[in-house]
Amino acid sequence: MITKLLDYNKTELIEIVAAYKQEKFRAEQLFTALHNGKDYDDKMNLPKSFLNTLKENEIILQPAKIIKEKKSKSDKSTKFLFELFDGNLVEGMLMQYKFGSTICISTQVGCKMNCLFCASGLNGFVRSLSVGEMLGQVIAVNKSLGGTVKKREITNVVLMGGGEPLDNYANVLKFLQIITSDDSFNFSVRNISVSTCGIPHKIETLADSGFPVTLSVSLHAPTDAIRKKIMPIAKSYPINAILESAKYYNLVTNRRVVFEYTLIEGVNNRPADAKALAELLKDFPCHVNLIRLNEVTGRDFKAPTVDSCKKFLEALQRMQISATLRRTLGDDVEGACGQLKNRVKESAKKE
Ligand code: SAH
C-alpha cells in the first residue's frame, strides 16, 4: 500500500515514525517539514538515512504537486493544475483580494453529481481525494507564495473546486481537523467554507462535527421542478429537506448559511423565480450569493446579461433578502465557478 504521510495527523505520524526507530521529535520535525511543502529534493533537518529509508519504502511526502500555473490577465487570480501521486490531475484557484488570499481546492477527481451547468462532472467521476491530497493543494500554493506553515500567505480556504465535499465526508472532516490545528496551519473555521450541492443528512452531520465552517449550499432554483432540470441530485432530496438541514446547521453552529444561486438565462432568472426564492428564504438568517453563469464548453446553458442579474439581485433585496452578486474572477483562465474539471494529463499540459 502506498503511504502518503500528509494523510496523517501529528499523533498518527509519531506512531508511523516510531516504526522506523525514530524519536518523537523527529516526527514533529517531519510534520512541520511536510506542511512547509518539503519534498525529498529539498533541504530538511532530518537524518539522510531516515529520509532514504522513507524513499526506499516509496513513502510519498507531497501528494499534490503544482505542474502548471495560469495567471488571469484581467484580475488577480491564478489557476493551478495539480498532479496527484497517481498521475490524476485536479485544479484549484487562488484569488487575491485586498484582505488576503483565498484558495479554492478540489475534493474529488471529477464529480458524481453531474449538475448540468457545471464542468466538474464532464469527464465523469474518478475518485475522492485523500486528506493529504486536499492539504497538499493548500501547502503547495502557500509555498509557491513564499509562505510557511507558521507564516502562511493564505488567509481563506474554500472547498468549492472539483467534486462534492460531502460525498468525501470522512476525509474532509479530517482535513478540517488538521488544517485548523495549531500543529498545522491553525486556520480559524471562520475562514473555511464548505460548498455542497445539498445532501441533508450530511449537512446535519457536519453541523454536529464541532467544525462550524461557513456552509454554502448550492440551491440554484426556488422550486423542485426547476432544480430537477439542472441538478440530478434534486431527484433524491427536495428543497424542503435541504432547507430544514440548513436551519439545523444555523441553529447548532450559529453561522449564517450561504445559498449559492447561479443565474441561468431562461431557467431560473425570471422575476417570478426571485419572488419564489424570497418566499422560500424569508425569516431565515441566510445570505444569497448570486453567480452569473460561467458558460462551460460542452454544456448548453447561457448566461443572462449582467443587467438582468442586477435586476434579480435588486428584486431579492427589495424583498428583504440579504444578497450579493458575486464578481466573477478567473473566467479568462477557465477558473471561475464550475469551470474547474479534472483533465487528462497530456492534453492539459499542452494547453
Ligand atoms: N459540489 C459543490 C462544490 C463545487 S461547485 C457544490 O455543488 O456546491 C462550486 C459552486 O459553483 C457551486 O455553487 C456550483 O453550483 C457553482 N457552479 C457550478 N458550475 C457553475 C457555472 N458554470 N457557473 C457558475 N457557477 C457554477
Side-chain angles (χ1 to χ4, degrees), residues 77 79 90-93 95 102-123 125 128-129 134 137 157-169 171-172 175 192-200 202-203 206 213-221 226-227 229-234 236-237 239 242 245-246 249 257-265 267-269 286-304 306 309 312 323-342:
S77 65
K79 185 163 79 168
V90 290
E91 293 179 321
M93 275 296 283
M95 292 149 287
T102 297
I103 180 175
C104 172
I105 62 166
S106 291
T107 56
Q108 296 181 316
V109 183
C111 187
K112 283 180 208 160
M113 301 306 155
N114 206 19
C115 298
L116 299 185
F117 48 88
C118 179
S120 295
L122 272 177
N123 296 336
F125 173 75
S128 283
L129 297 196
M134 291 185 265
Q137 298 171 62
V157 178
V158 302
L159 276 60
M160 281 195 190
E164 166 53 41
L166 299 190
D167 185 41
N168 184 15
Y169 185 81
N171 286 343
V172 164
F175 164 82
I192 301 177
S193 294
V194 173
S195 183
T196 174
C197 63
I199 305 173
K202 298 267 178 73
I203 291 176
L206 184 65
V213 293
T214 306
L215 177 72
S216 289
V217 177
S218 298
L219 191 61
H220 304 317
I226 299 176
R227 205 165 186 263
K229 285 189 198 154
I230 51 178
M231 300 177 76
I233 191 78
S236 305
Y237 306 109
I239 289 175
I242 296 172
S245 67
Y249 194 88
V257 173
V258 177
F259 288 102
E260 307 284 333
Y261 195 103
T262 296
L263 289 159
I264 309 173
E265 181 57 36
V267 175
N268 62 2
N269 69 335
C286 61
H287 181 80
V288 175
N289 209 343
L290 297 173
I291 316 163
R292 179 171 171 253
L293 177 78
N294 297 306
E295 290 177 7
V296 169
T297 325
R299 300 286 198 198
D300 286 340
F301 296 109
K302 291 272 163 274
V306 173
C309 292
F312 197 93
T324 39
L325 177 61
R326 191 196 282 172
R327 197 158 56 99
T328 304
L329 286 176
D331 53 351
D332 64 330
V333 290
E334 283 200 336
C337 291
Q339 293 182 312
L340 300 181
K341 54 176 179 266
N342 60 317

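As the structure lists them, so they are numbered: ligands from 1, and atoms in each ligand from 1.
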Problem - Mode of L293 contact toward ligand 1 - side chain, backbone, both, neither (heavy atoms, under 4.0 Å) - result: both
Completion exercise
For T262, the atoms of ligand 1 under 4.0 Å from one of its heavy atoms are 23 (N), 24 (C), 25 (N), 26 (C)
Handout entry: Atoms in ligand 1 with a heavy atom of M160 nearer than 4.0 Å
Key = 4 (C), 5 (S), 9 (C)
Fill in the blank from the handout: Tightest non-hydrogen contact, residues C286 and F259, listed as CB-CE1, 3.7 Å
Problem - Heavy-atom closest pair, residues N114 and G121 - result: OD1-O, 4.1 Å
Practice task
Indicate, as side chain, backbone, both or neither, the part of N294 found under 4.0 angstrom from ligand 1 when only non-hydrogen atoms are considered.
Solution key: both
Exercise for the section: Answer yes or no for H220: is there a heavy-atom contact with ligand 1 below 4.0 Å? Expected result: yes
Practice task
Show which atoms of ligand 1 fall inside a sub-4.0 Å distance from at least one heavy-atom site of C197.
Solution key: 6 (C), 7 (O), 8 (O)
Exercise for the section: Please verify whether a non-hydrogen atom of G162 lies at under 4.0 Å from ligand 1. Expected result: no
Fill in the blank from the handout: Here the atoms of ligand 1 under 4.0 Å from any heavy atom belonging to G161 are 4 (C)
Fill in the blank from the handout: Contact region, E260 to ligand 1, non-hydrogen atoms below 4.0 Å, reads side chain
Practice task
List every atom of ligand 1 that sits less than 4.0 Å from any heavy atom of V296, numbering the atoms from 1 in the order shown and giving each element.
Solution key: 22 (N)
Practice task
Using a 4.0 Å heavy-atom cut-off, say whether V217 meets ligand 1 through its side chain, its backbone, both or neither.
Solution key: neither
Handout entry: Note, L166 side chain near V194 side chain (heavy atom, < 4.5 Å)
Key = yes
Practice task
State whether the shortest distance between N or O atoms of S216 and N or O atoms of ligand 1 falls below 3.5 angstrom.
Solution key: no
Handout entry: Exercise: identify the closest heavy-atom pair between L116 and R299
Key = O-CD, 3.0 Å
Practice task
Taking all heavy atoms of C309 and all of L290, pick out the closest pair and write down the distance.
Solution key: O-CD1, 4.4 Å
Exercise for the section: List every atom of ligand 1 that sits less than 4.0 Å from any heavy atom of C118, numbering the atoms from 1 in the order shown and giving each element. Expected result: 18 (C), 19 (N)
Exercise for the section: Report the C-alpha separation of I264 and N269 in whole Å, then their side-chain angles, then the decisive distance to 0.1 Å, and conclude whether the side chain to side chain contact (heavy atoms under 4.5 Å, CB included) test is met. Expected result: CA-CA 6 Å; I264 309 173; N269 69 335; over 6 Å; no
Handout entry: Sub-4.0 Å heavy-atom approach of A119 to ligand 1
Key = no
Handout entry: Heavy-atom check, side chain of F117 versus side chain of N268, under 4.5 Å
Key = no
Handout entry: Heavy-atom side-chain contact between L206 and Y169 under 4.5 Å
Key = yes
Problem - Note, L122 side chain near V296 side chain (heavy atom, < 4.5 Å) - result: yes
Problem - Close approach of M113 to ligand 1, heavy atoms, under 4.0 angstrom - result: no
Fill in the blank from the handout: Looking only at non-hydrogen atoms, the one of C115, S195, G163 nearest atom 1 (N) of ligand 1 is G163
Practice task
Taking only Lys NZ, Arg NE, NH1 and NH2, and the carboxylate oxygens of Asp or Glu, determine whether K112 and E164 approach each other closer than 4.0 Å.
Solution key: no
